[in-house]
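Computed from heavy atoms alone, side chains included, the values below leave out hydrogens, waters and symmetry copies. One is the number of the first residue; the rest follow in order along the sequence. Model, not experiment: these values are computed from the prediction.
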Amino acid sequence: MTTAEAHASPFTVGHRTVTRVAGPLIIVDGMDGVGYGELVEVETGDGPVREGQVLELDGSLAVVQVFGGTVGIGRRETAVLTRGRAARTGVGADYFGRVLDGGGRPRDRGPQPVPDDYRHVNGLPLNPITRTHPDQFIETGVSAIDGLVTLVRGQKLPIFSGAGLPANGLAARIAAQARVPGDDAEVVVIFAAMGVTRREAEFFRAEFLTGGAAARSVLLLNLADDPTIERLLTPRVALTMAEYLAFEQHRHVLVVMTDMTAYCEALREISAAREEMPGRRGYPGYMYTDLASLYERAGRVRGGTGSLTQLMILTMPDDDITHPIPDLTGYITEGQIVLSRDLDRQGIEPPIDVLPSLSRLMNAGIGAGKTRDDHRGLADQLYACYARGREVRRLMSIVGESGLPPEDRRYLAFAAAFETIYLDQGPERRILTDTLELGWQLLSPFPAGELKRVSAEQLALYHHEATETMAGA
């Protein structure tokens, strides 16, 4: 039962006929007068009452997904009790510092939070006219992001990871360090974990609920051995809490969702149980629409000071960025942060590969009056030099370093220094000024004439040619 049901009105009891049980679904006859998306309770007679939701209606037949699973449910003794309304969850500041399950119920053995209000988990329609374009920089303390893949308030930015890469650690780090320069208000973090192991759950508890972070964090945990169907509810509960805080309480809210691959696998499992026509690789054809219904809940509202920013972690099966899950996610979101297995093997922390990474809203959040006037040009120049260095590295594997001209060796040295100095910052938190200055230091071995991506005025102000080569630095 979601947290909303603590004050639920009495149920309309109706004994129904269960005609079929399929995975986490039951097919029930005699459901006249029941609405789509309505919450129900399923009684088996010899076990705890389980919560369910109506997924599909066809006359008096209804497809009900059972959140607690269908183990032990028989066709004769099962009764369905209707509520007459859709799933809701409690919202408010009393949830800060708490660990909840995927449905918003306490998992930390603490008392039931006292909500300010109850809201529909699918959110309320937002008039597009009321939206305002995200244009305020969020400082994460990570140079690769702040300098080259800038995060903006109200943006939805996924982290594309591979199995075993430290995506969860990076997301936790961003959540702990994120701040809006020039604004004293703290960034509130709503963290939704789906299908995680108990070890991962303990990591998240330690990261978010220790020290000062607990006062501004809410942690929702759907474990790997929890009902699969609950994974479809977890991000919706998290986003409903975030919308209330962002759009009504005017807070800066960062929602971190991991792992969207586990969410999509649950979506595929439910689709198979409903015997729907599969799409690419067995995922339902409506997966794009379903993901969009989550991601598009990010943003800012005109006239309000709050914002809802999303970071979603996505594990690419077999490191395949063309897999349907990252492919569809890339169409909906505003860029991506890509983690590199090669950089991770080198011990670079965090192992962000900036070449395939992108922030489509970066230009709106940087520049004079927001970050610094040289930010865009410097980012372009660093990107260009690193891309050239990577090309030279591949060429060196064929002709050897001795076969490279001095100019190519300079780019080769830059690529190595960029990875070991700029990208590999360990646990250190860098403010944006330090990130920008470090970028100019890395460009110092290049003559000003080779730096074509920055203006002459910025070169005169920030660029100081080194007397030593990068290799000797």
Does the [X] side chain pair with the main chain of [Y], one donor and one acceptor, at a distance under 3.5 Å?
X	Y	answer
E200	G195	no
D94	P113	no
Q425	G141	yes
R251	V188	no
Q310	L294	yes
S357	V338	yes
R119	Y244	no
R216	V187	yes
R231	G102	no
E139	L432	yes

Quick check on R453: does its CZ atom have over 12 non-hydrogen neighbours (other residues, nucleotides or ligands) under 6.0 Å away?
no
(request) Might you confirm whether atom CG of D318 has over 12 heavy atoms from other residues, nucleotides or ligands at distances under 6.0 Å? (result) no
Is the shortest side-chain N to carboxylate O distance from [X] to [Y] below 4.0 Å?
X	Y	result
R390	D353	yes
D290	R236	yes
R105	E230	yes
R345	D342	yes
R131	E296	no
E202	R199	no
D108	R205	no
E265	R268	yes
R430	D146	no

inquiry  = Before you tell me yes or no, could you show the steps for R173 and T140 under side chain to side chain donor-acceptor pair (under 3.5 Å), namely the whole-Å CA-CA distance, both residues' side-chain angles and the distance that decides it to 0.1 Å?
reply    = CA-CA 8 Å; R173 177 176 181 171; T140 67; over 6 Å; no
In short, V256 meets A175 closest at the heavy-atom pair CG2-CB, 4.4 Å
- Query: Can you tell me if T240 and R297 form a side-chain donor-acceptor pair at under 3.5 Å?
  - Reply: yes
Result block: side-chain N/O donor-acceptor pairs under 3.5 angstrom for residues 21-28, not counting sequence neighbours:
none

**Request:** Please state whether the rings of H323 and Y283 are parallel, tilted or perpendicular, taking 30° and 60° as the class boundaries.
**Result:** perpendicular
For H375 and F137, take the angle between the two ring planes, folded into 0 to 90°, and tell me which bin it lands in: parallel under 30, tilted 30 to 60, perpendicular over 60. perpendicular
| ring-ring contact (aromatic ring centres under 6.0 Å, His included) partners for F418, two or more places apart |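 ring-ring contact (aromatic ring centres under 6.0 Å, His included) check on F418 returns Y386, F414, Y422.
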Pairs under 3.5 angstrom only: tabulate donor-acceptor contacts from the side chains of residues 52-60 to other protein residues two or more places apart or in another chain.
unit_1, atom_1, unit_2, atom_2, d
Q53, OE1, Q65, NE2, 3.2
Q53, NE2, G37, O, 3.1
E56, OE1, R274, NH2, 2.9
S60, OG, D29, OD1, 2.8

